[in-house]
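Notes follow the structure.
Please read these numbers as outputs of a predicted model, since none were measured by experiment. We count ligands from 1, going down the list as the structure has it; atoms in each ligand are counted the same way.
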Amino acid sequence: MFKKTGLLTGALSLSFVLAACGGNDDGADNGNTDTGNNGDNGEAAGDIEPQEWRFVVEETQGQVQYEYAQEFADLVDEKSGGALDIDVYEFGALGSEVDQVEQLTQGIVEFAIISPGFTGTLVPEGNIFALQFLFTDDQETNQEILNESEAINEQLVPLYEEQGILPLAFWTEGAMQWTGNSPLQTPDDFQGFQMRTQESPLILESYEAYGANPTAMSWGELYTGLQQGAVDGQENPIFFIADANFNEVQDYMTISNHNMYVTMTTVNPDFYNGLDEEVQQIIDESVEEMRERGFEIQEEQNNEFLSQIEDDEDNPTEITELSEEERDAFRELALPVRDYFRENGGDQAEEILDTLEQEIEDMSGEDIGAGESGDDAEDEVDNENSNNDMNEDEDDEE
Ligand code: 6CS
């Protein structure tokens, strides 16, 4: 179970915290302190100035993001002949997911894994990943799209960079499923349902379109929130549902595959742009090598943890897989949210979504409903009364 050890707040100076916890080495580091040439790939790394960097993730030791970051750190260490030393900080060590975004933009940490679900007011166009039934059900195809999409890697990336977040890779942590204290099989089941979500306004909008009452909350509060009934259910990939033990406090799990969990490997742009080319190349190569590994890590964990939930006799969970017809009922309600995003997701939302829809259809050969949401679709989601405003800056100007 995820043990809530109490998130550190401003009462402690962050530099003290960073010095005191010093990252989690967990013995997995390859301990390579050889500052000579790297014997593994023959690259000369002898003249790289030793540096120590911080990498914060949104998950705890053993979970996908943490394992990814640790392997990334090992690669960088290896390629630099031990000169570049990255300390990985697990979730909870430095605050909430939103605090971690700030730590990256302020350069308090050099690297972070940030899920777009926590940047929705900072980069409204990043809400695109909250759109349900947009990507395909095949995670390999989705990962290929994330790797190659111009909409994501050329149109969206600069918008993040302007806000002090440079995404180096977008990657899937697997398909998301719903859990609840009651069955979730039709949109009717969501009427009045208290759904926990991440912070991004379009995630809330998407659940309002189903009739739910979404509440944004850090996952650090979620086990207790579900246990005490502050919220009725949540969405996450299977590995996370099981590893955070949400199944202990939920009776139902719906295999809905309504969206994939997208996350980003990010770096502070000022820090990255100030590095020597040789060092940038080490980082870039490590990011490239981690694309496949990241995919493998999430796939293994998602497969392994499904049977853990199924076999947990002390905490039985009724698992139901939605039929295609049942999914269609949700898809129909999710489609108009695309137009809500086009209207409210920032200046470039429309262009980015149009490009991405086309790319998904081209790369998957599937009809994902591009252009089907219709001109009047945004009227169907309650624009006027929505509290889920995606653009902080525009608000401030008003
Ligand atoms: O639900 C969440 O907020 C968390 N889920 C995952 C899969 N990773 C970290 C994130 O904060």
Side-chain angles (χ1 to χ4, degrees), residues 1-2 4 7 55-70 88-104 111-120 126-127 129-130 132 139 142-143 146 169-180 194-204 206-207 214-226 230-247 249-250 253 256-266 294-295 297-306 308-309:
M1 170 187 159
F2 170 59
K4 285 179 59 245
L7 299 183
F55 192 155
V56 68
V57 300
E58 298 166 335
E59 295 172 8
T60 52
Q61 287 189 38
Q63 296 179 341
V64 174
Q65 288 185 11
Y66 187 91
E67 293 304 298
Y68 172 104
Q70 195 59 59
V88 178
Y89 291 82
E90 69 176 334
F91 177 72
L94 305 183
S96 72
E97 302 92 334
V98 177
D99 295 332
Q100 293 177 184
V101 174
E102 212 174 303
Q103 286 150 16
L104 183 87
F111 295 90
I113 293 186
I114 293 178
S115 301
F118 297 106
T119 61
N127 279 281
F129 298 109
Q132 303 188 9
Q139 294 305 310
N142 290 343
Q143 186 58 60
L146 292 175
F170 292 80
W171 49 284
T172 177
E173 289 192 60
M176 286 199 281
Q177 320 301 349
W178 292 317
T179 66
Q194 305 285 338
M195 185 74 177
R196 175 272 171 174
T197 69
Q198 295 182 343
E199 302 281 331
S200 284
L202 202 74
I203 308 182
L204 281 89
S206 299
Y207 282 102
T215 307
M217 185 186 279
S218 164
W219 84 262
E221 312 297 321
L222 185 52
Y223 183 93
T224 311
L226 293 167
V231 284
D232 299 325
Q234 61 84 48
E235 59 172 3
N236 253 308
I238 285 171
F239 86 86
F240 198 76
I241 292 169
D243 200 64
N245 292 323
F246 297 148
N247 60 307
V249 283
Q250 296 274 265
M253 180 163 84
S256 47
N257 295 323
H258 58 280
N259 201 358
M260 71 170 146
Y261 189 100
V262 175
T263 201
M264 309 182 286
T265 304
T266 70
F295 191 85
I297 297 169
Q298 65 78 27
E299 195 175 41
E300 276 165 26
Q301 290 208 12
N302 280 309
N303 290 338
E304 181 192 322
F305 277 111
L306 177 60
Q308 185 171 307
I309 298 176

**Message:** Under 4.0 Å, counting heavy atoms only: does Ser115 come that close to any atom of ligand 1?
**Reply:**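 Contact check Ser115 vs ligand 1: negative.
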
**Request:** Give a yes/no on ligand 1: does Phe118 have at least one heavy atom closer than 4.0 angstrom to it?
**Result:**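 True for this residue.
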
**Prompt:** If you round to the nearest 0.5 Å, how far is CZ of Arg196 from CD1 of Ile203?
**Reply:**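 Reported value, rounded in 0.5 Å steps: 8.0 Å.
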
Which protein heavy atom lies closest to [atom], and at what distance to 0.1 Å?
atom: atom 10 (C) of ligand 1; value: Tyr261 OH, 3.1 Å
atom: atom 11 (O) of ligand 1; value: Trp219 CD1, 3.0 Å
atom: atom 5 (N) of ligand 1; value: Asn236 OD1, 2.9 Å

**Prompt:** For the ring pair Tyr261 and Phe240, is the centre-to-centre distance below 6.0 Å?
**Reply:**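 For Tyr261 and Phe240, the ring centres are not under 6.0 Å apart.
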
Would you kindly say whether [X] and [Y] are connected by a side-chain donor-acceptor distance under 3.5 Å?
X: Gln65; Y: Glu173; value: yes
X: Gln139; Y: Thr172; value: yes
X: Asn236; Y: Gln177; value: no

Please determine if [X] has a nitrogen or oxygen closer than 3.5 Å to a nitrogen or oxygen of ligand 1.
X: Glu173; answer: no
X: Glu235; answer: no
X: Glu97; answer: yes

**Request:** Assign the ring pair Tyr68 / Phe55 to parallel, tilted or perpendicular, where the plane angle (0 to 90°) is split at 30° and 60°.
**Result:**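 The rings of Tyr68 and Phe55 stand perpendicular, inter-plane angle above 60°.
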
**Message:** Under the side chain to side chain donor-acceptor pair (under 3.5 Å) test against Ser218, which residue among Glu199, Gln198, Glu97 passes?
**Reply:**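 Testing Ser218 for a side chain to side chain donor-acceptor pair (under 3.5 Å) against Glu199, Gln198, Glu97 leaves exactly one candidate, Glu97.
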
What atoms of ligand 1 come closer than 4.0 angstrom to any heavy atom of [X]?
X: Arg196; value: 1 (O), 2 (C), 3 (O)
X: Glu59; value: 6 (C), 7 (C), 8 (N), 9 (C)
X: Gln198; value: 1 (O), 2 (C), 3 (O), 4 (C), 10 (C)

**Item:** Part of Pro237 within contact of ligand 1 (heavy atoms, under 4.0 Å)
**Value:**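 The part of Pro237 near ligand 1 is the side chain, not the backbone.
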
**Audit row: Trp171, Thr263, side-chain contact (heavy atoms from CB on, under 4.5 Å) steps and yes/no** = CA-CA 5 Å; Trp171 49 284; Thr263 201; 3.4 Å; yes

